[in-house]
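So the structure is just underneath, and the comments pick up after that.
In what follows, chains carry the letters A, B, and so on, assigned in the order in which the sequence lines appear, proteins first and then strands, with residues in each chain numbered from 1. Only this structure's heavy atoms are used, side chains among them; waters, hydrogens and symmetry mates stay out.
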Protein chains: 2
Amino acid sequence: MTPDEPAAPPAPAVTPLVTRLTLARQIRESLVVRIVSGEIQPGERLVETRIAAMYGTSQAPVREALRELEAMRMVETRPRRGTFVRHFVQQTLRESYVVRAALEETATRLAMLAGTMPLPALRAEVKAMRAAARAGDAAAAARASVAFHRHIVDAAHNELLKLSWEALQIEARTSVTMVAAEVKLKDIARDHAELLRSIEDGELETACKHARDHQWHYADLPHDAHGRARRQVS
Amino acid sequence: MTPDEPAAPPAPAVTPLVTRLTLARQIRESLVVRIVSGEIQPGERLVETRIAAMYGTSQAPVREALRELEAMRMVETRPRRGTFVRHFVQQTLRESYVVRAALEETATRLAMLAGTMPLPALRAEVKAMRAAARAGDAAAAARASVAFHRHIVDAAHNELLKLSWEALQIEARTSVTMVAAEVKLKDIARDHAELLRSIEDGELETACKHARDHQWHYADLPHDAHGRARRQVS
DNA sequence: GTGTAACCGATTATCGATAGTCGGTGGAGG
DNA sequence: CCTCCACCGACTATCGATAATCGGTTACAC
């Protein structure tokens, strides 16, 4: 059944979105922003059909997006009951730093033992952080920080470790922390420079401990972005 | 996953799976086991419609299951291309012990700092291991070992840590190791008893290091179980 | 022979419809 | 007045169908 005449798709005119990503992915991204920003409240119910209508799609892509959010621990789904925004988004944020600490300490140990630590790349990222600090570009600083730590995790050459680390959705959380904890960009650059220094010095245990403390530090910071966002509504 | 091709007649006499969980959840669990056990090969493509037919469901729940597996990083999805089992899921038996070491060392630290280490439960599991060793019951020993470590991870009271740990699918791998590395049951009981001892002594850093070394030890043993498991299917 | 374009079979992404389940509600009974 | 239970509306879980894409292949001009 092939029309030898190209039935010319003349004016679909209804697909304005430069859709190169799937709908589900786009919906997820949008929801993440709305949850993290506090626009959608903790405890709030996410009704699939309503969200579908809101985005002008069917229920299916919305469900997929919600499953992904659930995997990110941003929402909680009870079968046949519904999906709700978690209350402890900020607690989870804090927890994630402890887990990162565990994984990155080990990555540091593995990479140093194997002698695969990519020092030039690490120096470059610190440099990028300093530049971002000067420019006041928080997004750039966050990117450089994530890249710095990813270099280390990669250098460990342990795929499962990498896998577990990536599963923490570091990107998605880092920017949140920077806003929530009101971290100074200059402090970020300095902290990483210190960590790098101890790695360069080659003192294994010192560097490992430094790697761990580096993350535990963030776990201790106050994260009240959500409290703040909540307050202005209630 | 070779299509045994039962020509799937419209008689869906397919086992209605003890449905109390959603279909998607059940399918996910099933796929996890099949991937970790090596029944489904790394790099293998997971065709949605075929899996749906296999479980006697429609495509929708399968897609949801795959999205969850993707979030667990066990598979990789390229939009409009398909879903593939990641390559390193398979090779990770040895790696998993390094990651476990990282997580359990941290769990030990958290639990000891918080004073929530469940000593009686740990002692009970060691006792169970000794009994299993005497009885020559490898399965029981494996169960007790997993339970021992799970107690510690629980005691850390860090949900994300727990989640990361559970994602390693320890159960699925432990029994494999015991066969593959030909671990002596008595050694298992002894190793855990020693670890417990150092925890009881309350020396934080010593216990943490012990927790780490305990797992690194297994990483050093020869493991060819997955190779074996793979062989028997292909 | 070789390169390009239209074609094809296979499979994913999305839709619209429907069966079932859940929590709440209002009336009967205590 | 309070408790219990069938009924109701809202929503989720799942299905079957359809539109869109992808990679490979074939046809055709050079």
Out of [options], which has the shortest distance to the side chain of [X]?
X     : options                : value
B:T22 : C:dA13, C:dC15, D:dA13 : D:dA13
A:Q59 : D:dC11, C:dA13, D:dT14 : D:dT14
B:R80 : D:dT14, C:dA13, D:dC11 : C:dA13
B:R50 : C:dG16, C:dT11, C:dA13 : C:dT11
B:R81 : C:dT12, D:dG23, D:dT14 : D:dG23

- Does a side-chain N-to-carboxylate-O contact under 4.0 Å join B:E70 and B:R67? yes
- Could you state the CD-P distance from B:E64 to D:dT12, rounded to the nearest angstrom? 12 Å
- Rounding to a whole Å, what distance do you find between A:L23:CG and D:dA19:P? 17 Å
- Item | Flag side-chain contact, heavy atom, 4.5 Å: A:E95 against B:L161 | no
- Query: Among B:T83, B:L46, B:L69, which one satisfies side chain to side chain contact (heavy atoms under 4.5 Å, CB included) with B:T77?
  - Reply: B:T83
Contact class for [X] vs. all strands (heavy atom < 4.0 Å): base, sugar-phosphate, or nothing?
X     : result
A:T57 : sugar-phosphate
A:L46 : sugar-phosphate
A:R45 : sugar-phosphate

- Task: Kindly say if A:R63 contacts the phosphate of D:dA13, meaning a side-chain N or O under 4.0 Å from OP1 or OP2.
- Result: yes
- Query: Would you call the rings of A:H192 and A:H214 parallel, tilted or perpendicular if under 30° counts as parallel and over 60° as perpendicular?
  - Reply: perpendicular
- Item | Upstream residue (5' side of DNA chain C) when B:E48 and A:A60 are each assigned their closest nucleotide | B:E48
